[in-house]
Amino acid sequence: MDRYEQVIELAKRRGFLWNSFELYGGTAGFYDYGPLGSTLKRRIEQIWREIYVIQEGFMEIECPTIGIEEVFVASGHVGGFSDPLCECKQCGEAFRADHLIKHIVEEADGLTDEELDRTIAQNGVKCPECGGDLGNTYEFNLMFKTQIGPGNGRKGYLRPETAQGMFVDFLRLARYYRDKLPFGATQIGKSYRNEISPRQGVIRLREFTQAEAEIFIDPRVKTHPNIQRFGNTALNLYSDAAQDKGSSEIMTVREAVDKGIIAHEFLAYQVALVDHFLQRVGISPEKLRFRQHRKDEMAHYAIDCWDAEILTERFGWVEVVGIADRTDYDLSAHANMSKTELSIYIEYEQPRMVEKFVVKPNMGKMGPMFKGKAKVVAEALKALPQEALEKEEIKVSVDGEEFTVPRELVEFTQETIKVSGENIVPHVIEPSFGIDRILYSVMEHAYDEEIVPAKASEGDNEDEARIVLRFKKEVSPIKVAVLPLLTRRELIEPAKEIASRLRDKGLLAAYDDSGTIGRRYRRNDEIGTPYCITIDYDTLEDNTVTIRDRDSMQQVRASVDTIDDVLYELVYRAKKIETAGKPL
RNA sequence: GCGCCGAUGGUCUAGCGGCUAUGACUGGGGCCUUCCAAGCCCUAAACCCGGGUUCGAAUCCCGGUUGGCGCACCA
């Protein structure tokens with residue numbers, strides 16, 4: 001069993017991750033989160049919210065998971081999120097049709113399926129595997145398609161990313177943030193991609209959870225006001241240049257910006273923030289790197305893009321977060337599609353005086369003269385240069401039709417106008433997180449098996465393995481287990497009382513009295529419960545309990561009176577176990 | 001989507017044409033038990049689905065589903 005299997009086996013057995021629809025044989029690409037998995041996921045999301053929503057101030061919104069066609073035409077997903085596939089008639093292999101003719105045609109990815117088929121036929125392209133004839137090209141779109149409303153209702157698609165919601169709501173968001181850049185909005189939710197063949201468990205799903213932030217910034221101001229917070233933070237960067245050498249390098253955020261390795265300060269801040277988040281949820285820093293997209297893999301509109309990659313035992317480096325400067329691509333695309341200006345008005349520090357040539361057609365006279373064409377003629381006049389307007393007879397042509405306008409119908413002046421600002425289409429910085437992949441990585445990095453030496457007192461016992469999920473305390477699903485040492489009523493009752501007080505404090509506390517105490521400790525180790533509280537007969541005497549620390553197996557004796565506050569501080573305030581009571 | 005390999009209680013597994021399917025761990029109930037998977041008793045729990053071959057199929061064949069890997073594809 002490799003590490004992946006060990007983690008998945010534990011996850012299945014203990015209620016973290018289950019294959020969906022198992023009762024009916026299962027379906028690839030879908031996973032259920034069991035009680036502990038669901039709780040773990042929520043804790044990760046909650047930390048994400050603390051950082052992005054509370055600290056950074058990017059308010060969370062919630063948009064439908066179904067989108068209408070226009071949205072995904074604008075985003076490019078309808079046209080671009082599919083691949084032209086063609087299969088060999090002989091051996092059945094599937095190929096990207098555009099890849100097959102790359103060496104024949106420039107820009108093969110811009111061709112239609114028909115053009116691809118024609119090119120393949122004309123050049124006698126055969127199956128690269130077996131040399132057989134190739135079938136017709138068909139589009140495989142990764143979006144799930146659906147119908148909105150009955151009959152021939154409107155076409156709908158399950159969103160392949162949450163991002164579009166923030167773009168579509170841009171004007172409302174701008175208004176909410178009182179038209180001041182920068183501002184951002186976030187969304188945590190499900191996205192859907194009909195993967196051709198999902199594999200690797202929870203690494204590639206057909207329905208998955210994304211956490212995305214869309215941060216709208218002034219394209220001319222890509223500094224970050226708070227950059228000093230991360231100035232000395234060391235990042236493991238696998239830059240474009242480093243990839244040529246084949247090894248990543250550790251450098252500070254400041255260095256990366258100064259050397260121009262990360263495109264600009266604002267993006268660098270976001271990379272550092274992702275680093276901060278991933279380490280806080282429990283990703284091992286030595287198994288984390290940021291890989292820069294190579295020039296040829298980056299979307300054409302993006303300026304710079306970094307992926308957070310996590311090292312896993314079976315799958316190697318897995319991309320879990322993408323951080324991109326997407327420029328004004330998305331807003332411009334939606335502006336074109338919706339015919340609505342998506343911009344922010346930014347006032348200059350000083351109003352500028354601008355010379356402007358103004359043409360004023362006399363509509364009172366032009367109306368009767370040109371009737372229905374008056375408006376378009378006037379528009380055409382406004383576009384003419386001064387020389388043309390100074391002629392005795394002004395000629396304009398509209399839609400191939402010539403119009404002659406008497407000179408006295410048009411006035412023009414050179415005016416000085418005060419301009420106090422301009423409309424700017426913001427650039428978008430987008431950190432996009434794959435929560436499911438992060439959750440798996442957190443589990444894998446937390447997974448530990450250690451050998452516990454056999455007790456000398458019991459002689460012939462063999463050493464045994466202790467499986468521990470060493471979750472960060474604030475991430476672990478269950479915070480504390482309350483255990484009566486023995487299954488006796490006089491111990492059970494106070495134990496249940498303590499559990500209930502811990503719950504009042506907001507701590508997820510489990511109560512367990514089945515089996516021996518050792519067995520219960522191990523059970524809790526396996527699901528990553530950081531602390532166990534044991535009630536024994538001394539508790540009845542002196543009102544103290546044992547607190548046991550998961551990682552060190554250390555035990556201290558603490559008073560019942562303040563046990564809820566002590567546990568809270570242990571879990572959320574990084575209080576040390578040694579300071580929680582008298583060592584045993 | 002193609003190819004190769006697999007699918008047996010909750011988990012891991014034995015069986016690979018022949019009576020009521022092996023074992024371990026886990027789970028539940030009880031006894032016992034004063035701190036790290038102890039012991040004893042009881043108990044629950046499985047042949048992925050559908051066809052076929054055969055007197056007889058968990059076992060062989062075909063198809064499907066599903067998992068892993070390789071190819072292809074992919075944020």
Side-chain angles (χ1 to χ4, degrees), chain A residues 1-2 4-6 8-15 18-30 81-88 90-96 99-100 127-130 138 140 142 160-161 163 191 193-201 203-206 208 210 212 293 297 299 305 307-309 314 318-322 324 432-434 436-437 452-455 457-458 460-461 464-467 483-488 491 514-526 532-540 545-548 550 553-555 557 584:
Chain A
M1 264 216 269
D2 69 1
Y4 170 79
E5 275 178 282
Q6 290 174 316
I8 288 297
E9 188 269 324
L10 171 62
K12 198 193 280 183
R13 194 158 41 82
R14 289 301 194 182
W18 298 322
N19 239 301
S20 295
F21 316 118
E22 222 180 353
L23 183 61
Y24 292 102
T27 298
F30 298 94
F81 205 55
S82 64
D83 296 311
L85 292 185
C86 91
E87 283 173 28
C88 171
Q90 195 170 303
C91 69
E93 275 282 357
F95 303 95
R96 283 276 299 267
H99 287 184
L100 289 174
C127 169
E129 282 297 310
C130 71
Y138 61 92
F140 185 84
L142 268 350
E161 59 177 26
S191 294
R193 290 177 193 173
N194 203 0
E195 298 285 352
I196 298 172
S197 75
R199 289 272 178 82
Q200 307 168 328
I203 301 293
R204 205 149 103 239
L205 294 169
R206 289 189 165 124
F208 55 101
Q210 283 187 309
E212 295 191 296
H293 278 210
E297 74 179 299
C305 185
D307 287 342
E309 295 184 330
R314 182 184 282 195
V318 173
E319 179 218 333
V320 299
V321 186
S432 170
F433 294 68
D436 313 86
R437 290 177 174 191
V452 181
K455 274 185 298 180
S457 59
E458 292 182 14
D460 57 358
N461 282 2
E464 58 184 4
R466 179 173 84 114
I467 296 174
L483 318 168
L485 185 60
L486 300 171
T487 322
R488 297 268 172 76
L491 298 181
S514 79
T516 61
I517 189 68
R519 182 190 296 265
R520 282 176 276 159
Y521 284 154
R522 295 303 167 79
R523 260 206 287 255
N524 278 291
D525 287 341
E526 222 181 33
C532 292
I533 292 175
T534 306
I535 289 82
D536 58 21
Y537 281 98
D538 290 342
T539 309
L540 306 180
V545 290
T546 303
I547 305 176
R548 174 215 188 238
R550 173 196 70 201
M553 294 166 74
Q554 262 185 79
Q555 303 191 120
R557 201 72 193 172
L584 283 186

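Chain naming here is simple, since letters A, B, ... match the order of the sequence lines and numbering starts at 1 in each.
Arg466(A) comes within contact range of no nucleotide atom at all, as no heavy-atom separation falls under 4.0 Å. As judged by a 4.0 angstrom heavy-atom cut-off over every strand, Asp307(A) is placed among the base-contacting residues. As judged by a 4.0 angstrom heavy-atom cut-off over every strand, Thr487(A) is placed among the base-contacting residues.
In terms of polar N and O atoms assigned as donor or acceptor, the side chain of Arg548(A) comes within less than 3.5 Å of the base of C36(B) in a complementary pairing. Side-chain to base pairing of Arg519(A) with C35(B): no donor and acceptor N or O lie closer than 3.5 Å to each other.
There is no side-chain donor-acceptor pair under 3.5 Å between Arg206(A) and Ser20(A).
Under the Watson-Crick or G-U wobble criterion, with both distances below 3.5 Å, C4(B) is paired with G68(B). Under the Watson-Crick or G-U wobble criterion, with both distances below 3.5 Å, G39(B) is paired with C31(B). Remark: C19(B) base-pairs with no nucleotide in the shown strands. Criterion, Watson-Crick or G-U wobble with two distances under 3.5 Å. Across all strands shown, A45(B) remains unpaired; no Watson-Crick or G-U wobble contact has both distances below 3.5 Å. Under the Watson-Crick and G-U wobble criteria, each requiring two contacts below 3.5 Å, nucleotide U54(B) is left unpaired.
Closest to the side chain of Arg314(A), out of U26(B), G68(B), U66(B), is G68(B).
Comparing His293(A) and Tyr521(A), the nucleotide of RNA chain B nearest to each residue sits closer to the 5' end for Tyr521(A).
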